[in-house]
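One structure is given below, encoded as structure tokens.
Numbers restart at 1 for each chain; the letters A, B, ... are given by sequence-line order, proteins then strands.
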Amino acid sequence: MQAFKLYTAAKNLQSKIMDITSIIAPLNDAQRAAVTAPSQAMLVLAGAGSGKTRVLVHRIVWQIQVNAVSPQSILAVTFTNKAASEMRGRIENLLDNSANAMWIGTFHGIAHRLLRRHAPEARLPKDFQVLDSNDQQRLIKRLLADLKIDEKELPAKEIQWFINEQKDAGLRSKDLVNSDDKNTIRFLRIYREYELLCDRSGVVDFAELLLRIYELLRDDEHLRRQYQQRFSQIHVDEFQDTNHIQYAWLTLLSPNRDNMFVVGDDDQAIYGWRGAKIENIYKFQSEYPQHKIVKLEQNYRSTGAILNVANKIITNNKGRMGKSLWTQTADGEKITVYNAYNEVDEAKYVVERIHNWVSAGNKRADVAILYRSNAQSRQFEEQLMLTKTPYRVYGGLRFFDRAEIKNALAYLRLLANRNDDASFDRVVNTPTRGIGLKTLDAIRELAHEQKISLWAAANSLIERQVLPNRAANALFNFVNLIEQLERKTINLTLGQKVHFTIEDSTLMAFYSQDKVEKSADKVDNLKELVNAANAFKRDNSEEDLSELTAFLSHAALESGELQADEFDDCVQLMTLHTAKGLEFRLVFLVGVEEGLFPSQQSVNNTGRLEEERRLCYVGITRAMEKLYITHAESRRLYGRETPASKSRFLRELPKEFLEEARPKSDVSRPITAKAPIFTTSKLPPEIKTDSNYQKGQRVHHATFGSGTISSIEGEGTKERALIKFRDDSRWLMTAYTELTVL
DNA sequence: AACACCGCGTTTTTT
DNA sequence: ACGCGGTGTT
């Protein structure tokens, strides 16, 4: 026995040595310093492409294999489910073992898990449900109607924003002092009513998950101690994106402040507008005096040219923590800047480059078109469609956000919890079953008066027989439908439950009676929901939950996970925000114009402008091999042709790494009001056979003012001139531009 | 209950 | 331009 023990110990030791090599060998000096640092307050400033996730993953494995930290003691928090599952996958890979025992998840996911475990202590019903922001808004709308508040005066959106902002700051309605301002008083009243309504319905919104768990840990010393002891190593990804309440609950979990390993990049903080506090990085340093900082500055992603340009632009921001990326890679190709006539020309140019790229044997999936706002995708989609190029636009409606899916889920939620007013409201008359506004008003009135749920109010109205016959029947049918459904499916599997729900609710029949083409998709989506339910497995941590409750929480918290087509070879179209964390060999940064990027709303505010600049930095650093930046002279915006000028960000880039794209010889004619319409002749008449302009001439333009022609090319309708105006040089089509020779 | 019309706003997004 | 939500019509 003794010998056996010794043998295994030796074997463990040997494998440990091998593991250590595999943990630290692939790291550079800075990364290794971070990974092997003793347990303490650690701040890793990780530049774009510097191996941030790698450091987190290796750090966790290091703690387990070298410092014998129990996997149960590991907490790792991210912002997206995608980041969490990637981290888990990579840890499992390196460990060659399951990481199930570790708590790796999003802030919301982990808060949710804790609340499930301690629902009674948090004064929540065991089967509480999670409201997504859509549900939240509907609930607020209903509340406003109940309170007889005109939505035109106080839009639900504003209320929602206010409530979430308070919760993110850790404030309950009772913590807010009543002010004299009439509007503030109203906001507070609605906030209070909203809290009551949520409690009564047994639902929590996203912000509530965080606030609730924060309060629980703050007020329950026993629980706090328990989790402080349990999570001996706390890891945080994208620390620059944490908000007040997230920081606060991290602090509760790490009282001695010697076990927090946070990774972030102040230069990539682009979510200030939704409450992220970049200051948390500074706060961390002042509140954790013993902290250690490691900067990861070697970039493994981009060429020298791309990195130089990125470094340069970000130096225009003040108050940075200071980081400068470098690479061993050669400079590579210069950044190509294309000055398009308009958004159509811009799209054509980009799609042409993509075709060249694909013709050279490269993959479409390695190409990304990045823009500031979603509306810009259209032109590119049109050109891609025209040339039959497969593409994928990110950021559309997600599976669990679709109306037909939300309807089905609302039925399921009502099955799980009759007090869920938001769900009752959603499906009581969907599909229509003759329950009209009058009946609904009566239900709401009674519910509001007696402070009971809509479900209870509906039943009360039926019992007391105060409704007109037709309405009473319709309402009874609905109530009966839910009760029957529950009885019928109580012992069936989750998949069968979902199946019978969409059948018996007549949702399936409703979408099947195909009136519009789109309803075929909806039928498919409903079927897909049954599939998803069949495939669904509870986490180990959710074993004492009903499968249905677990499934519904999953739908609210991980609504984006069900996305197909990931494996097709498609050009990727997305906003700059969506692109954060991703990389592509070939990147087109498009629409780089004043008013678009930076956006108009940001130009008068230094803080916002700097956030836009960080966004630009994020965009540039997505590119591995080659970056194109495009901007247009004129762009159709809100249905209006608007002149545009190149973005200040473009001017901030170092010229030595830029090259102007050669203008195309066969220029696309901009469609302007000035363009003559030919009805009789098929051939467009030559407007000018000989050029009216020449180099060096002074000309005047109505919008751009006076300038000098610095070059001319093309003939007739295709002639264009490069004119140097006061602020800017731009190519103009002489045939379609009103120019006065001075 | 289904459809037409009008007025309005219009960056970014995850959970 | 375009889509959404609210209002009015059939």
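Here the nucleotide nearest the side chain of A:His108, chosen from B:dT15, B:dT13, B:dA2, is B:dT15.
Of the residues in residues 401-411 of chain A, not one comes within less than 4.0 Å of DNA chain B through any heavy atom.
For the pair A:Thr80 and A:Ile270, both in contact range of DNA chain B, the more 5′-proximal nearest nucleotide belongs to A:Ile270. Each of A:Glu612 and A:Ile435 has a nearest nucleotide on DNA chain B; the 5'-most of these lies closest to A:Ile435.
For the pair A:Arg392 and A:Tyr394, the cation sits on the ring face: its NZ or CZ lies under 6.0 Å from the ring centre, inside 45° of the axis. In this structure, A:Arg614 fails the cation-pi test against A:Tyr617, since its NZ or CZ atom is not both closer than 6.0 Å to the six-membered ring centre and inside 45 degrees of the ring normal. In this structure, A:Arg113 is positioned above the aromatic face of A:Trp103, its NZ or CZ under 6.0 Å from the six-membered ring centre and within 45° of the axis.
For residues 427-444 of chain A, every residue pair satisfying the salt bridge (Lys or Arg N to Asp or Glu O under 4.0 Å) rule, not counting sequence neighbours, is listed here: A:Asp425-A:Arg444. The side-chain hydrogen bond (donor to acceptor under 3.5 Å, both in side chains) analysis of residues 590-602 of chain A, with sequence neighbours excluded, yields the pairs A:Glu593-A:Arg635, A:Glu594-A:Arg648, A:Ser599-A:Ser602, A:Ser602-A:Glu612.
In this structure, the CD atom of A:Gln601 is 8 Å from the C1' atom of B:dT10, given to the nearest Å. Atom CG in A:Leu576 sits roughly 10 Å away from atom P in B:dT13 (whole-Å rounding). In this structure, A:His577 atom NE2 and B:dT13 atom C1' are separated by 8 Å, rounded to whole Å. Straight-line distance from the CG atom of A:Leu115 to the P atom of B:dT15: 18 Å, rounded to whole Å. One atom, CZ of A:Phe107, and another, P of B:dT15, lie 13 Å apart when rounded to the nearest Å. Atom CD1 of A:Ile245 and atom C1' of B:dT15 are 15 Å apart (whole Å). Atoms OH (A:Tyr271) and P (B:dT14) sit 6 Å apart, rounded to a whole Å. Here the P atom of nucleotide B:dT15 and the CZ atom of A:Phe400 are 13 Å apart, to the nearest Å.
Distances shorter than 4.0 Å separate some side-chain N or O of A:Asn81 from OP1 or OP2 on B:dT15. Distances shorter than 4.0 Å separate some side-chain N or O of A:Asn374 from OP1 or OP2 on B:dT13. Contact between the side-chain N/O atoms of A:Arg433 and the OP1/OP2 oxygens of B:dA1 is not found at any separation under 4.0 Å. Between A:Thr106 and B:dT14 there is no side-chain N or O to OP1 or OP2 distance below 4.0 Å. Taking 4.0 angstrom as the limit, A:Asn429 places a side-chain polar atom (N or O) nearer than this to OP1 or OP2 of B:dA1.
A perpendicular orientation is assigned to the rings of A:Phe597 and A:Phe649, their planes being inclined by more than 60° (bins at 30° and 60°). Classified by interplanar angle (parallel below 30°, tilted 30° to 60°, perpendicular above 60°), the ring pair A:Tyr227/A:Phe231 is parallel.
The salt bridge (Lys or Arg N to Asp or Glu O under 4.0 Å) check on A:Glu404 picks up nothing, with sequence neighbours excluded. A:Phe424 pairs by the ring-ring contact (aromatic ring centres under 6.0 Å, His included) definition with A:Phe478, not counting sequence neighbours.
As judged by a 4.0 angstrom heavy-atom cut-off over every strand, A:Ser373 is placed among residues touching the sugar-phosphate backbone only.
A:Ala555 and A:Leu409 make their closest contact through CB-CD1, 3.9 Å (heavy atoms, listed as atom of the first residue, atom of the second, distance).
Side-chain atoms of A:Ser133 and base atoms of B:dT15 include a donor and an acceptor less than 3.5 Å apart.
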* To do: Encode nucleotides 1-9 of chain C as B, S and - characters from 5' to 3', where the letter depends on protein heavy atoms closer than 4.0 Å: B to the base, S only to sugar-phosphate, - to neither.
  => BS----S--

